[in-house]
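In what follows, a structure is listed as structure tokens, so that the remarks can point back to it.
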Amino acid sequence: MRCKGCGYSLFNHRGRTCPECGAAFSPADFEFRANAVEFCCPGCMQPYYGTDARGLPEPRAFACVSCGAACDLGAMVLRPAPGVREDEAELNRVPWEDRSLPWRRRFLRTVGDAMVRPSRLGAAIACSQGGGSARFLLALTLVAAVPTALAAFAFGALLQMGAVPPGSTWSAASARNDLLAIALACAAGVAVAVAAVLAGVLAVAALATLVLRMAGVDAPWRRTWPTFAYTAAPLAVCAVPCVGPYCGVYVAGVWWLVAAGIALGSSCRASAGRAVAAVVIPAVVMLGLAASGLVLFVVMPATAAVKAATAAGAAAATAPDQGAPAADGEPERETAPVPEPETEPEPAPEDSP
Ligand SMILES: [Zn+2]
Ligand SMILES: [Zn+2]
């Protein structure tokens with residue numbers, strides 16, 4: 001039970017204003033886990049327990065069984081039950097899972113909690129009963145970034161159009177075709193990007209679960225997956241025009257890992273070191289996979305293509321009487337009167353066509 005204005009702990013406090021900032025409060029403003037808080041008679045400190053859905057005593061006003069004084073919820077002294085930590089007493093709810101709110105408010109509150117209060121979000125996940133689709137929230141976050149991505153893409157396309165060289169056969173008809181192609185490419189790109197990020201977050205969450213379990217932490221998937229999915233909300237930073245598409249993904253990526261680490265600490269009761277390992281190891285593995293994918297599917301084919309082109313050029317140069325060099329990088333061997341060009345490459349004469 002912390003002051004909603006300044007965060008000061010309000011347990012064991014008789015007054016109804018925050019001693020730190022002076023804001024008024026009432027125990028009825030809070031929700032508690034069942035039997036996690038003792039509501040004490042202000043006269044004799046006889047404890048009572050909260051029994052209703054919000055963890056508050058029912059009825060709210062009664063006569064103390066011990067001293068007979070009038071006990072009213074508004075005047076009672078609250079303290080955590082024996083063995084309950086102060087920060088475990090309150091019933092934190094993931095805003096996204098609170099079906100009583102409209103979806104837009106649920107979404108924005110979850111984004112806010114993920115960005116500035118990941119520890120509280122983690123505590124809420126720890127006692128979550130489900131009720132919201134983490135995957136849907138994540139997809140919504142990514143889709144929020146789509147308009148900006150489209151704008152950046154369209155801006156690039158306009159620059160390309162402005163760079164049409166004079167005298168080219170550029171017309172309204174070809175521009176229409178170009179725009180159609182750009183729109184299709186945009187739609188496909190957005191779909192692929194959303195699917196790729198979803199898969200990436202899933203992979204990181206799975207690896208983190210593995211790391212935590214190997215470190216002896218009780219890390220069920222129903223807690224680790226929402227932790228990563230809900231804290232990925234900073235990816236919505238990519239929706240900020242101009243800045244988002246360029247550095248948003250780096251800022252948001254780091255923000256996400258930091259928030260996920262903090263939230264894991266409270267959602268899975270992991271120590272700081274284990275929580276850090278659970279986000280750093282998957283991140284390094286994923287970066288390594290991305291780098292090897294880049295080498296395997298982009299750098300190596302490109303190198304092979306350059307080599308083939310060079311070989312074709314060399315072959316054409318060694319057989320200048322054969323006319324134009326082969327277009328596809330395969331030297332024309334069946335008519336070449338010269339010795340095998342691959343095994344004994346001759347120095348290229350200077351009179352090539
Ligand atoms: Zn306060
Ligand atoms: Zn009493």
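Read the numbers this way: they start at 1 and go in the same order the structure lists the ligands and their atoms.
Across Pro42 and Arg14, no two heavy atoms sit closer than the pair O-NH1, 2.8 Å.
Backbone or side-chain N, O or S atoms of Cys67 reach the Zn ion (ligand 2) at under 2.8 Å.
At the Zn ion (ligand 1), the angle from SG in Cys18 to SG in Cys3 is 110° when rounded to 10°. The angle Cys41:SG - the Zn ion (ligand 2) - Cys44:SG amounts to 110°, with values rounded to 10 degrees.
Remark: side-chain polar atoms of Ser26 are not paired, donor with acceptor, to backbone N or O of Gly74 under 3.5 angstrom.
Judged purely by distance below 3.5 Å, without hydrogens or angles, the side chains of Tyr48 and Glu38 never pair a donor atom with an acceptor atom.
Residues Arg2 and Phe30 have side chains not in contact (no heavy-atom distance under 4.5 Å, counting atoms from C-beta outward).
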